[in-house]
Amino acid sequence: MRKLFLAILLTSSALVWADDVTVSSPNGSLVVTVSDRGGRLSYTASLDGVKVLEPSALGLKTSLGDLTKDLSILTSHPSPLTSNYKMRGTKASTSHYEANTLTVDVENKEGVKFSILFQVSNNDIAFRYQMPRQKINRREYKRVRILAELSSFNFPDGTTTFISPQIGPESGWEQTKPSYEEGYSNDAPMTTPSRYGHGYIFPALFHIGGSDVKPIDGIFAKNSINKKNNLPLSKGEQEGVLWALVSETGVGSNYCGSHLSDYQSGMGYTIVYPDRGENNGYGTDYAAIPLPGETPWRTITVGNSLKPIAETTISYDVVEPRYEPSTDYKPGRYTWSWLIGQDNSINYDDQVRFIDLASAMGFEYCLVDNWWDQNIGRERIAELSKYAQSKGVHLLMWYNSNGFWNDAPQTPRNCMNTAIAREKEMSWLESIGVKGIKVDFFGGDKQETMQLYEDILSDANRYGLQVVFHGCTIPRGWERMYPNFVASEAVLASENLFFGEGATISEGFDLTLHPFCRNATASMDWGGIIMNKWMSTDNKSRHTRKTTDIFEMAAGIIMQTSVQCVAIQPNNLEELPQFELDFLRELPTTWEETRFIDGYPGKYVVLARKATNGRWYIAGLNALKEPLTLTLDLSTFRSALPLGSSKNCQFSTCYVDNKTGEPTLTPLKLNKKGLVKLTIQPNGGFIIK
């Protein structure tokens, strides 16, 4: 009998100790096991029997005691969970979340108790710590400081990375960093040290099995292989190869933001709290919570293709709204003079031109950037807002987040950093018909800074103002938590294309990476679909854009935010083909559904999105130096068929570059099986609608 039991153990996919506890996804494919062996708490994860995480540490260091060692699992409580909710302004308008939960109750040798709650859906793991109010040595503790977190993500050897380094405090221009604006690695080894010695930001994408794998044709697309580079050009499953996206969600005034450490052999990446120097040294480098209390969620999205990564909604599945919207916030598009015109364009006459441009394009908004209070003045801004409304356009206004955490000189200052200042400013904005604000230059991820983000959002909601953040941290479930939140920059965004030619060269890499990383977890204000050929107001000087017009147009579908910047210039009205202008006029920004079709981070991407008006759009971007030929199976969009239609889908039009990179608009040609073959030019794109 003993030999039989041992044989069963040795032939199982993973050895499980007697006291280990396990939770599986509803379909049984994703399995998480928690162990307290040796007094240390750890967890492992596997998908379809393939290891996702080696033993990875769990635990906290707190003001109540060290909860990283001498630990014992007391009890565990499994239960199913189902929820349905609607969203405004994300990749999907509704979500059905189904998971199995496991609450693991733990105690250390001093008798300090805490729990870890795991929620495991078919492709997502979410976990957080919970601490009860408790008596220790006859004293009741009603609050706690979380000094450090041991949670780690220990991926198997050979895993490669698409991750961005955290930069040190008070660095960059006018000491405005960290601001989540550094570049990303490209299938780099885990052992590569972070550039600044401060670890890596969320979200972080990992390729388990590495980049040297043989491609297998996918379900939706049958693609030619670029044999010169041996690129894996298929979305399909690859034996023993997985993708994992790590992030966090549910961070507001309740906690500090976190990031990842450098890789440590045998340990992986661990959770790191903010640097003490962030926020100009003001505030704590730990979190403080009342009891009972809980930490934010750590999330891991796992797939044997990139489909679960691109389509995940876990950032929103496990959080709840913090307040109700005060009004029906409107999505839309906005014009923005500053991207090309910079500070010189912030004058009354130029802003009238961009309001007129927004009106001519049918856009809802025009963003007035920094220095408007000095260059235009508040009285004339009120006039400008009245003029904009007469043209069917509303203004969005820029602000410095202010306080003493940066040296950025741009004004308006001292308007967003205190409750009294916000009350006065936001009341005035509402009175003149402004519909949103863009707040820039924050100080880091401390709990005090997270409190400022939440306060700005909550106060803005009272006055019907939508909010975009720049020079900032990543959103962490904020689209659902705060209904007037639109998006954050938190990426090396489009303004850098103006600042230097290097960013124009890397634009293709960036925008084919972010659907699987930065934009997969939260809305992203990239800050401009750029239609000028040259990065200048005369469209004849400085350096050129390296992408095609169709690439930029398709990026408006690939990038997700409910209020999208179309950085069209007045001169573009006379320069662009009419079909390009017509497409930008109808560009949707809110979606019922998003489907991943094909792609590889930093190389190419093909997504399908169903707009809230019911129309499907398929868009693709190619960051390669060679043309990429794809055969797309549109028969999978049977749900897109209008009533009484033929077997082919509703798609009828294709925007695509010709061999010289010039834009074309052509009828879509499908074969009897619903397949269409097309070629995407280097730094080019396509749109099917």
What I want to check is whether the side chains of H259 and D445 have a donor and an acceptor closer together than 3.5 Å.
no
Given the options T301, V246, L30, V31, I125 meets side-chain contact (heavy atoms from CB on, under 4.5 Å) only with L30
With a 4.5 Å heavy-atom cut-off, do P321 and M481 have their side chains touching?
no
Donor-acceptor contact below 3.5 Å, side chain E479 vs main chain S523
yes
Checking T94 now: which residues fulfil side chain to side chain donor-acceptor pair (under 3.5 Å) with it, not counting sequence neighbours?
none
Can you measure from CG (L53) to OG (S152) and round to the nearest 0.5 angstrom?
8.0 Å
Pair D317, S95: side-chain N/O donor-acceptor within cut-off below 3.5 Å
yes
Only one of Y600, F596, F155, F206 clears ring-ring contact (aromatic ring centres under 6.0 Å, His included) with W243; which?
Y600
Test salt bridge (charged side-chain N to carboxylate O under 4.0 Å, His left out) applied to E107 - qualifying residues, sequence neighbours left out
K113
Between the CG atom in L291 and the OG1 atom in T62, the distance rounded to the nearest 0.5 Å is 9.0 Å
Using the test salt bridge (charged side-chain N to carboxylate O under 4.0 Å, His left out), find all partners of E320 that sit at least two apart in sequence or belong to another chain.
R480
Let's go through Y255 and M450 carefully: what are the C-alpha distance in whole Å and the side-chain angles of both, what is the deciding distance for side-chain contact (heavy atoms from CB on, under 4.5 Å) to 0.1 Å, and is it a yes or a no?
CA-CA 7 Å; Y255 219 78; M450 294 297 170; over 6 Å; no
Just checking, any donor-acceptor pair under 3.5 angstrom between side chains of D20 and S35?
yes
What I want to check is whether the side chains of N154 and S56 have a donor and an acceptor closer together than 3.5 Å.
no
Not counting sequence neighbours, list each pair that qualifies as a ring pair (Phe, Tyr, Trp, His ring centres under 6.0 Å) and has a residue in residues 181-203.
Y184-H514
Could you state the interatomic distance from CD (E54) to OG (S46), rounded to the nearest 0.5 Å?
11.0 Å
For residues 105-130, pull every pair meeting ring pair (Phe, Tyr, Trp, His ring centres under 6.0 Å), keeping only residues two or more places apart or in separate chains.
Y43-F118, Y43-F127, F118-F127
Assess, by modelled atom type and distance only, whether the side chains of T561 and D525 contain a donor and an acceptor separated by less than 3.5 Å.
no
Are any side-chain N or O atoms of R595 and backbone N or O atoms of K307, one a donor and one an acceptor, separated by less than 3.5 Å?
no
Are more than 12 heavy atoms from other residues, nucleotides or ligands located less than 6.0 Å from atom CD of E324?
no
When you compare the side chain of V50 with that of L242, does any pair of heavy atoms fall below 4.5 Å?
yes
In terms of relative ring orientation, are W173 and F441 parallel, tilted or perpendicular, with 30° and 60° separating the classes?
tilted
Kindly indicate whether the side chain of V21, heavy atoms from C-beta on, has any atom under 4.5 Å from the side chain of V23.
no
Side chain to side chain donor-acceptor pair (under 3.5 Å) against D440, all qualifying residues, sequence neighbours excluded:
W398
Verify side chain to side chain donor-acceptor pair (under 3.5 Å) between T33 and T22, making sure each step is shown before the conclusion.
CA-CA 4 Å; T33 300; T22 297; 3.2 Å; yes
Carboxylate-amine/guanidinium contact E248 R476, below 4.0 Å:
yes
Centres of the Y263 and Y269 rings: under 6.0 Å?
yes
A side-chain contact here means heavy atoms from C-beta on lying under 4.5 Å apart; do L260 and T270 qualify?
no
Taking atom types as modelled, find out whether S25 and N27 have a side-chain donor-acceptor pair closer than 3.5 angstrom.
yes
Check whether the side chains of T299 and T249 place a donor and an acceptor atom closer than 3.5 Å, and report yes or no.
no
Tell me, do L607 and P515 make a side-chain contact under 4.5 Å, heavy atoms counted?
yes
In sequence, state the C-alpha distance, the side-chain angles, and the governing distance for S115 and D105, and then conclude on side chain to side chain donor-acceptor pair (under 3.5 Å).
CA-CA 4 Å; S115 301; D105 299 321; 2.6 Å; yes
What I'd like to find out is whether the side chain of T68 reaches to under 4.5 Å of the side chain of R40, using heavy atoms alone.
yes
Quick one: ring pair (Phe, Tyr, Trp, His ring centres under 6.0 Å) pairs with a partner in residues 280-301, sequence neighbours left out?
none
Verdict with supporting geometry, R88 and S562, side-chain contact (heavy atoms from CB on, under 4.5 Å)
CA-CA 8 Å; R88 183 195 73 91; S562 64; 4.2 Å; yes
When you measure from the side chain of N280 to the backbone of F404, do you find a donor-acceptor pair of N or O atoms at a distance under 3.5 Å?
yes
Inter-residue atom distance N122.CG - S24.OG, 0.5 Å rounding:
10.5 Å
Who passes salt bridge (charged side-chain N to carboxylate O under 4.0 Å, His left out) against E149, sequence neighbours left out?
R298
How far apart are the C-alpha atoms of N402 and M416, what are their side-chain angles, what is the distance that settles it, and do they pass the side-chain contact (heavy atoms from CB on, under 4.5 Å) test?
CA-CA 7 Å; N402 214 42; M416 293 290 145; 5.9 Å; no
Side-chain touch L205/I309, heavy atoms, less than 4.5 angstrom
yes
Under the salt bridge (charged side-chain N to carboxylate O under 4.0 Å, His left out) test, residues paired with K109 that sit two or more places apart:
D70
Look at the side chain of R195 and the backbone N and O of Q166, then say whether any donor-acceptor pair between them is shorter than 3.5 Å.
no
Qualifying salt bridge (Lys or Arg N to Asp or Glu O under 4.0 Å) pairs, either residue in residues 162-184, two or more places apart:
K177-E182
Can you establish whether the number of heavy atoms outside R133 located under 6.0 Å from its atom CZ is more than 12?
yes
Tell me if the CG atom of D407 is crowded by more than 12 foreign heavy atoms within 6.0 Å.
yes
Please report the interatomic distance CG(L60) to CD1(I146), rounded to the nearest 0.5 Å.
5.5 Å
Do the side chains of V106 and L41 get nearer than 4.5 Å, heavy atoms only?
yes
Just how far is it from atom CD1 of I289 to atom CD of Q447, taken to the nearest 0.5 Å?
8.5 Å
Restricting to side chain to side chain donor-acceptor pair (under 3.5 Å), what partner residues turn up for D455, sequence neighbours left out?
Q451
Please work out which of the three classes, parallel, tilted or perpendicular, describes the rings of W478 and Y453, given edges at 30° and 60°.
tilted
Got a sec, which pairs hit salt bridge (Lys or Arg N to Asp or Glu O under 4.0 Å) with one end in residues 263-281, sequence neighbours left out?
R276-D285
Less than 6.0 Å separating the ring centroids of F516 and F162?
no
